[in-house]
Amino acid sequence: MDYDSQVRQRFLSAHRAGPLNDGASGLVSGEAEDRTLNVWVRFQLRMLHGAIHTVRYNVYGCPHTVAAAEWTAERLEGRPAGALDELSMRKCLETLGIPVEKLGKLLLLEDALAACRRRLDEHKG
Amino acid sequence: MDYDSQVRQRFLSAHRAGPLNDGASGLVSGEAEDRTLNVWVRFQLRMLHGAIHTVRYNVYGCPHTVAAAEWTAERLEGRPAGALDELSMRKCLETLGIPVEKLGKLLLLEDALAACRRRLDEHKG
Amino acid sequence: MQPGEIYLDYAATTPVDQRVIEAMTECLGLEGDSANPSSSHPPGQRARARVEKARAQIAQRVGASPETIRFTSGATESDNLALLGAMAANKHRGRHLITSRLEHKAVLDTAGALQSRGCTVSFVDHDDDGVISPDAVEACIRDDTVLVSIMHVNNETGVVQDIAAIGKRCHQRGVLFHADAAQSTGKVPLKLDDWPVDLASLTAHKTYGPMGIGAIYIRKGVNVQPLIHGGEQEGGLRPGTLATHQIVGFGEALELADPDQEGAQLAERRDRLWNGLSAIEGVRLNGHPTQRSPHVLNVTFPGVQAESLQLAVSEMAVSTGSACNSDIPEPSYVLSAMGLSDALAAATLRFSVGRFTTEAEIDHVAERMRAEVARLRALARGAPNWTAE
Amino acid sequence: MQPGEIYLDYAATTPVDQRVIEAMTECLGLEGDSANPSSSHPPGQRARARVEKARAQIAQRVGASPETIRFTSGATESDNLALLGAMAANKHRGRHLITSRLEHKAVLDTAGALQSRGCTVSFVDHDDDGVISPDAVEACIRDDTVLVSIMHVNNETGVVQDIAAIGKRCHQRGVLFHADAAQSTGKVPLKLDDWPVDLASLTAHKTYGPMGIGAIYIRKGVNVQPLIHGGEQEGGLRPGTLATHQIVGFGEALELADPDQEGAQLAERRDRLWNGLSAIEGVRLNGHPTQRSPHVLNVTFPGVQAESLQLAVSEMAVSTGSACNSDIPEPSYVLSAMGLSDALAAATLRFSVGRFTTEAEIDHVAERMRAEVARLRALARGAPNWTAE
Ligand SMILES: Cc1ncc(COP(=O)(O)O)c(C=O)c1O
Ligand SMILES: Cc1ncc(COP(=O)(O)O)c(C=O)c1O
């Protein structure tokens, strides 16, 4: 498999990997998994003043999935909560040069973000 | 094709090739040919005191046939006329290391010798 | 390899030995024995002599007589020729083939092609260690069985089948026996003429010979129909200009291969590696623990994906999935057949050691694997159980 | 070759060019790009990149796009794949094949195999110069014709068929066209994508590349069934580990081959040789006098047997009969089909010149041929007419 350097670098560094301290306040998290696709992912967001302050993730997956999780975390930090709905995995695919066959796996990241969004709405509601 | 050195050497030298002077006396000759085998051969013998004094041949054929003609000429010179009947091409095959597939061609040499023998008998008779 | 890279994928292919390269080069240029070995002129005959010398070298190494060895383009072609050729030439005996789910795709896909041509195929069972019992093979034999095809050394797990015992059952029942021996040569001794084997597939590139040349062993008297037509080469069974340098390389490689001596060295390296890896929690060695070839180690690291592990340790060439077909990463059908879940199969790497593997390399690999498995497991912390079961 | 030997059998095979040997060697040892090109690790990917570079080099030289080129073990296999594979994949269109009696055995014997499987085969006529007219091909086309297979350059006579014109007729009638181009590359320009050719057979070893590697050109959209099964290599059409060094050698060889420039040089050598030989009484040049490849000269010396002539001049490697099959010396079926008697066919030698042929060699050969033909004719003095007619 020939990995784009964008993928390689994010997979190897995975700066934003790892859980946030569960005890802290303003924390939402969302998971998604697909056994047939062999992927599991969890995002954790620390919200501050209605914006996404910090993003952390844990992921079990192929290098593309890991890199996409890292990219997602990068993109979300500092953005308003609405960004959760706007983030497109097709965009991720393009930016990181990920083969289109992997889109199915990447869409699980969207699912995990949607779960975060739901939690956020619950908190508000 | 891998030729035995015995074949190679006789084919390349062909010492006894070429016609005898037709004008001379005591000369018999015999030919044989087979178009399907792509072979023609002629032996000429000079007889002296009832023995074979000199043998010459012309031949159109493969290297094995040429070498066998040379070998035949070698063997006959200095022998009594009876040698014409005794010479065996199986012997030739063995001595020169000729593949057995070539026996058909070699047997034409026997035919040519038999023709010589008949001429000899006619002369006597 | 580039500086710093460690090659541990000898089961996929082996670098050509320097001595083999030299023998090959002697057949290549204008100054070499570069004529067509079917040509009747002296340079052609010299090339032919080299071909025949190589045939004898190969025959000698696998315990066969030279006229049983026919050159092909590799074990894939040999497997095809064995299965398609023997089934076609023995139609009068029936149309039933027996093989296993652990075979290389060259056998499995050919069995599939035979099915689509009206043959029936039975798959013999194996145990969880990937071992096929002679009893199980015999139980599959029917009146219309023509051929049994069971590999000698499995390319993914290294498990060795007892082909002498399996072949014996076949012969007792009047059935032909084919063994794919692509992974055996130089690692496990072969005695083809002595064993009840009718057909065997060999290849050069798993034994420090060149890629693209192989052979089929055909026991005297066994009928096989050619796949390829045109020309009298290899007794009409496999026409096409004989590739002198490739054949010479194959011959030289098998001349150098010495399973008795080299096998012990490989086993020592492999065991050292397993020693280093088994410190990792939960690792599991796939395939029979002792009935195995000395060059392969198939290891599952529950909770991490092999594809990620491979990229993490990309200075080492190790294999995910089935070596010969890893264009498309999908869980190994061999491991699945041996009962591994998809997740575990996808958490598996094949390490294969060879002539040029050093102890220092082994130690480095073990250390790096421990570190990267830990990192990737941390990355996946919180994942559900199915990812590691 | 050994010192003093003169190689004039370039149509049988060519010595590998030194630059090609170097490129091949880079893929062979532990330091080289010696991994399996199907492996997903970095060394595997480097080998894969070399394979794809070679594919592009080959495609470029034959006027094709890279994805139309699939590697095989040589033109024999490609011919088989073209004929068997296209007939099998297009059964719904019919079961009729058209070819000629001048084809290589790889085509003729495969046509025979198709006949024994229920296909019908028509042989298109040619003139005494060995030229096949597009009209004659068209006249053979029937409603159930699937494929026409006509070679580009004849391996015995060097006659070039107008495959663009023949292919055009095929396409007008909705029939597939295969051209065996084994002898063309580097001597005669090929424009496969531009020409109405669906399938073409290529080989490396006639163009200073290695023996044992070839390719099949398959126009986009043309269906061909594989002969060999197992693995996804070459889009599943031709499985088996890709032989990197062989493919790289093939690519490099075609990169170096330049028909425009080299063809002129070959023609000049060939004409010099013909000049020297035509001084011999009664000699006759077989095949069309101008519609021919620059590397082959097929000459009959009435009244002498080629086998004897070959041994007499054994310092020169020239070919009697059909080059690829001269294990068994029998009159060439190509020359017989062109109307030569058995005796004349057996009095024929093929001289083929190449990149390394020098003028001094040519002059030596012409002189030696004159002397030895004279000697052998003297030896056969008195022979009946049929030996020279
Ligand atoms: C067991 C087995 N059979 C067959 C093959 C195919 O061999 P080749 O690459 O020579 O076609 C391989 C490896 O690729 C193998 O490991
Ligand atoms: C016209 C032609 N076709 C096919 C072949 C077979 O090619 P290969 O030797 O690559 O199998 C040859 C030469 O051998 C040839 O000259």
Side-chain angles (χ1 to χ4, degrees), chain B residues 1-22 27 29-44 56-70 72-73 96-102 104-105 108-109 111-112 115, chain D residues 4 9 12 282 300-332 335-336 340-350 368 371-389:
Chain B
M1 186 58 85
D2 218 359
Y3 299 96
D4 195 284
S5 67
Q6 295 265 12
V7 168
R8 189 184 296 271
Q9 177 209 315
R10 285 187 176 78
F11 166 77
L12 292 176
S13 65
H15 281 308
R16 289 171 180 77
L20 285 170
N21 183 345
D22 279 332
L27 211 66
S29 95
E31 286 186 33
E33 67 173 83
D34 188 323
R35 208 171 162 147
T36 57
L37 292 176
N38 207 23
V39 178
W40 167 83
V41 63
R42 178 179 62 202
F43 283 106
Q44 288 178 295
R56 289 292 176 273
Y57 62 89
N58 285 92
V59 59
Y60 165 84
C62 72
H64 292 117
T65 314
V66 173
E70 177 72 21
T72 302
L96 304 190
I98 295 177
V100 68
E101 304 91 85
K102 297 274 185 164
K105 296 188 178 199
L108 282 179
L109 305 189
D111 292 349
Chain D
D9 204 10
T300 302
F301 302 91
V304 298
Q305 286 193 18
E307 200 190 333
S308 290
L309 205 45
Q310 193 189 35
L311 181 59
V313 297
S314 63
E315 78 274 24
M316 324 173 186
V318 293
S319 168
T320 59
S322 132
C324 314
N325 304 298
S326 29
D327 268 356
I328 303 142
E330 49 183 40
S332 147
L335 298 179
S336 300
L340 268 72
S341 69
D342 281 1
L344 287 187
T348 301
L349 288 178
R350 180 187 68 182
R368 288 279 289 125
E372 288 299 331
V373 169
R375 179 177 96 85
L376 291 171
R377 282 181 175 170
L379 197 61
R381 191 156 299 147
N385 283 342
W386 61 259
T387 59
E389 277 176 359

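Chain identifiers are assigned alphabetically (A, B, ...) following the order of the sequence lines, protein sequences preceding nucleic acid strands; residue numbering begins at 1 within each chain. Note that the structure is predicted; figures quoted are calculated from it, not measured.
With a 6.0 Å cutoff to the six-membered ring centre and a 45° limit on the axis angle, B:R35 does not count as a cation-pi contact of B:Y60.
Both the backbone and the side chain of D:A383 have a heavy atom closer than 4.5 Å to some heavy atom of chain B. Both the backbone and the side chain of B:V59 come within less than 4.5 Å of a heavy atom in chain D. Using a 4.5 Å cut-off between heavy atoms, B:Y3 contacts chain D through its side chain alone, with no backbone atom that close.
For the set B:P63, B:A69, B:A17, B:G18, the count of heavy-atom pairs under 4.5 angstrom toward chain D peaks at B:P63. When the candidates B:V39, B:T36, B:V41 are compared by the number of heavy-atom contacts under 4.5 Å with chain D, B:V39 comes out ahead.
Taking a cutoff of 4.0 Å between a charged side-chain nitrogen and a carboxylate oxygen, D:E307 and B:K105 do not qualify as a salt bridge.
Every residue two or more places apart in sequence or in another chain that forms a side chain to side chain donor-acceptor pair (under 3.5 Å) with B:N58 is listed here: B:R42.
For the pair D:Q310 (side chain) and D:V318 (backbone), a donor-acceptor distance under 3.5 Å is present.
A salt bridge (charged side-chain N to carboxylate O under 4.0 Å, His left out) check over residues 377-389 of chain D, counting only residues at least two apart or in different chains, returns nothing.
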